[in-house]
Amino acid sequence: MIDLQLLRTELASVTERLAQRGFQLDCQAFESMELERKKVQTDTQELQARRNALSKQVGQLKAKKEDASALMAEVNAQAEQLKRLEGELESVQLRLNEFLMGIPNLPQATVPQGHSADDNVRLREVGVPKTFDFTVKDHVDIGEQLGQLDFDTAGKISGARFSVLKKDVARMHRAIAQLMLNTHIEEHGYTEVYAPYLVSGECANGVSSLTKFKDDLFKIEGRDLYLIPTAEYPVTNFVRQQILNLDQLPLKFVCHTPCFRSEAGSYGKDTRGMIRQHQFDKVELVQIVHPDRSAEAHDALTLHAEAILKKLELPYRTMVLCTGDMGFSSSKTYDIEVWLPGQSAYREISSCSNFEAFQARRMQARFRNEKNKTEPVHTINGSGLAVGRTLVAILENYQCSDGSVMVPKVLQPYMGGIERIHSVA
RNA sequence: GGAGAGAUGGCCGAGUGGUCGAAGGCGCUCCCCUGCUAAGGGAGUAUAGGCUCAAAACGCUUAUCGAGGGUUCGAAUCCCUCUCUCUCCGCCA
């Protein structure tokens, strides 16, 4: 949620900054709602104050066993008007809130301007895509020929966009998650957490906009519960409706969960293979930080995610998303893209965003600052990394001409020391 | 699933339909006293809004005692619904 005070005091500049990310703010609607709110709210509160004062007098009179019927009649006389005003106030505040909740975050000044993914800016490129002296296959062909990646069985059980992994590939999938978790807790100072895979609508709305994105989520029938599309949902909400002490910051959590996405808006996109699934595993990094330090923490978190790719010796590049390509809640986003030989392309494997106070205001996550005043915290998160896509990248980058796949050195200890995955046949 | 108990400020804990945003205690902050330490005395100490203001402070004001409704001139207190916690029984990975 955008800062209401800012909207009131700097409407023009806010509108301009929102326009950079392609959002047209309806200033007129806002101003007229604000005007209405102000009038209705002051009128209502005036009447409430009067009622409270009179009621107090009634109590005093009754304590002295005197007649209070005149005062009671006076309160009754305004009761209907008060009720009407209270209703109006509720309605205008509801509308105002809905309006606010529909406004995306303001982009940081350092975010490049642009309209689409084409305008994203490359921040760095690490590693060089390997050249192969044979015709490369994509992960689907590799995995199926190994007999350890099975989309037919998955389809039979659950339908499209699911996968079944077997034997060494299944084990590698698990090993990847272990490597990521261990790296982040041992080398980057994160605290491992295990969290629910179902969250309430309220929590979903805290990190994103439930009304805007509920089609992307799987909902539990008849209950206010959603399957998480990322561990960001439960973990960021750890601090919802809390006031943290200054010395508790920063909080750094790492959490491995499956993620569930309906992929409602991506029919026909990435239908082949494991790139875009209804269910995939992800190791998520979440930081709750002091506002003064969110930018540096965001950069650091992104490097924490990149460290995994370095360990796996996978070529990648890191992009700064332009204003037009950023997510709704983000003030700045880095995408990490891994090289996939099967597609001859860099594909997203992590997205690291600084939400600044946007989520914190929605969640009412605050801390006591140096002046002992409550202030919203800043929240940051990023994939560190998507496990399924990492598996895809390894299969494709480590493939050999005979159809086998080398196991990256760093994963071998997690896989009983095996150095290569062979076909089961 | 059955039976019962409960939810109050940072924490513990009191609370009769009326001067209760809430006694008392602990903790914390500031001040005083005390030549160390300990003890003692005093004051302060919720959150989110609104109005006023250039702005902050002050001031005025509204809401909040798990959540949401209701009764009432007036609700922490009475009624209804929901959520959560605890105890016992049953079932169970």
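All chains are named by letter (A, B, ...) in the order of the sequence lines, taking the proteins before the strands, and each is independently numbered beginning at 1.
- Rounded to a whole Å, the CD atom of Gln241(A) is 18 Å from the P atom of U83(B).
- U47(B) and C11(B): their P atoms are spaced 13 Å apart (whole Å).
- Lys39(A) comes within 4.0 angstrom of nothing in the nucleic acid, heavy atoms only.
- Nucleotide C51(B) forms a pair with G59(B), judged by Watson-Crick or G-U wobble geometry with both contacts under 3.5 Å.
- A distance of about 16 Å separates the C1' atoms of C78(B) and C65(B), rounded to the whole Å.
- Here the C1' atom of nucleotide G50(B) and the CD atom of Glu90(A) are 17 Å apart, to the nearest Å.
- If you take CG of Leu4(A) and P of G50(B), they are 7 Å apart, rounded to a whole angstrom.
- Taking 4.0 Å as the cut-off between side-chain N and carboxylate O, Arg50(A) and Glu74(A) count as a salt-bridged pair.
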CA sep, side-chain torsions, deciding dist, call: Gln364(A), Gln242(A), side chain to side chain donor-acceptor pair (under 3.5 Å):
CA-CA 7 Å; Gln364(A) 292 189 69; Gln242(A) 266 204 323; over 6 Å; no

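- Atom name P, nucleotides G24(B) and C82(B): the rounded distance is 38 Å, in whole Å.
- A donor-acceptor contact under 3.5 Å is formed by the side chain of Gln45(A) with the base of G49(B).
- With both pairing distances under 3.5 Å, C11(B) is matched to G25(B) as a Watson-Crick or G-U wobble pair.
- If you check U77(B) for Watson-Crick or wobble pairing at under 3.5 angstrom, you find it has no partner at all.
- Nucleotides U8(B) and A14(B), compared at atom P, are 11 Å apart to the nearest Å.
- Going from atom CG of Asn52(A) over to atom P of U64(B) covers 10 Å, rounded to whole Å.
- As rounded to whole Å, 20 Å separates atom P of G49(B) from atom CD of Glu86(A).
- Phosphate contact (OP1/OP2 of A46(B), side-chain N/O of Lys373(A), threshold under 4.0 Å): absent.
- With a cut-off of 3.5 Å on both pairing distances, C20(B) has no Watson-Crick or G-U wobble partner at all.
- Taking atom P in both A63(B) and A5(B), one finds a spacing of 33 Å when rounded to whole Å.
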Determine whether His115(A) and Gln20(A) satisfy the following criterion, side chain to side chain donor-acceptor pair (under 3.5 Å), listing intermediate values before the conclusion.
CA-CA 8 Å; His115(A) 300 288; Gln20(A) 289 171 5; over 6 Å; no

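- Between Phe238(A) and Phe253(A), the ring-plane angle classifies as perpendicular under the 30° and 60° cut-offs.
- Residues Arg51(A) and Lys56(A) each lie close to RNA chain B; by heavy-atom proximity, the contact nearer the 5' end of the strand is made by Lys56(A).
- The side chain of Ala49(A) sits closest to U61(B) out of U19(B), A57(B), U61(B).
- One finds no salt bridge joining Arg261(A) and Glu263(A) here, because no Lys/Arg side-chain nitrogen approaches an Asp/Glu carboxylate oxygen to under 4.0 Å.
- Comparing the P positions of A57(B) and U52(B) gives an interatomic distance of 15 Å, to the nearest angstrom.
- Straight-line distance between the C1' atoms of G25(B) and U83(B): roughly 31 Å, to the nearest whole Å.
- Under a 4.0 Å N-O distance rule, the pair Lys156(A)/Asp152(A) does not qualify as a salt bridge.
- Of the listed nucleotides (G49(B), U52(B), C73(B)), G49(B) has the atom at the smallest distance from the side chain of Gln41(A).
- Nearer to the 5' terminus of RNA chain B, by closest-nucleotide assignment, is the contact made by Ile243(A) (compared with the other of Ala53(A) and Ile243(A)).
- Residue contacts for Thr374(A): at a heavy-atom cut-off of 4.0 Å it reaches the sugar-phosphate backbone alone, with no base atom in range.
- Gly384(A) and His184(A) make their closest contact through O-NE2, 2.7 Å (heavy atoms, listed as atom of the first residue, atom of the second, distance).
- If you check every strand for non-hydrogen atoms under 4.0 Å, Arg368(A) touches sugar and phosphate atoms only.
- Residue Gln5(A) is in sugar-phosphate contact alone, with no base atom involved, counting any heavy-atom pair closer than 4.0 Å across all strands shown.
- A straight line from CZ of Arg50(A) to P of G74(B) spans 14 Å, rounded to a whole angstrom.
- Taking atom P on both nucleotides, C80(B) is separated from C91(B) by 33 Å, rounded to a whole Å.
- The ring of His278(A) has its center no closer than 6.0 angstrom to the ring center of Phe260(A).
- Among the heavy atoms of the strands lying under 4.0 Å from Lys62(A) is at least one base atom, whether or not backbone atoms are also near.
- Remark: P of U47(B) and CZ of Phe367(A) are 14 Å apart, rounded to the nearest angstrom.
- Base pairing of U72(B) is not made with any nucleotide, judged by Watson-Crick or G-U wobble geometry with both donor-acceptor distances under 3.5 Å.
- Base pairing of C33(B) is not made with any nucleotide, judged by Watson-Crick or G-U wobble geometry with both donor-acceptor distances under 3.5 Å.
- Checking U64(B) for Watson-Crick or G-U wobble geometry (two distances, each under 3.5 Å) identifies A46(B) as its partner.
- Using the Watson-Crick or G-U wobble rule with both distances under 3.5 Å, C84(B) pairs with G6(B).
- Atom CZ in Arg37(A) sits roughly 6 Å away from atom P in G50(B) (whole-Å rounding).
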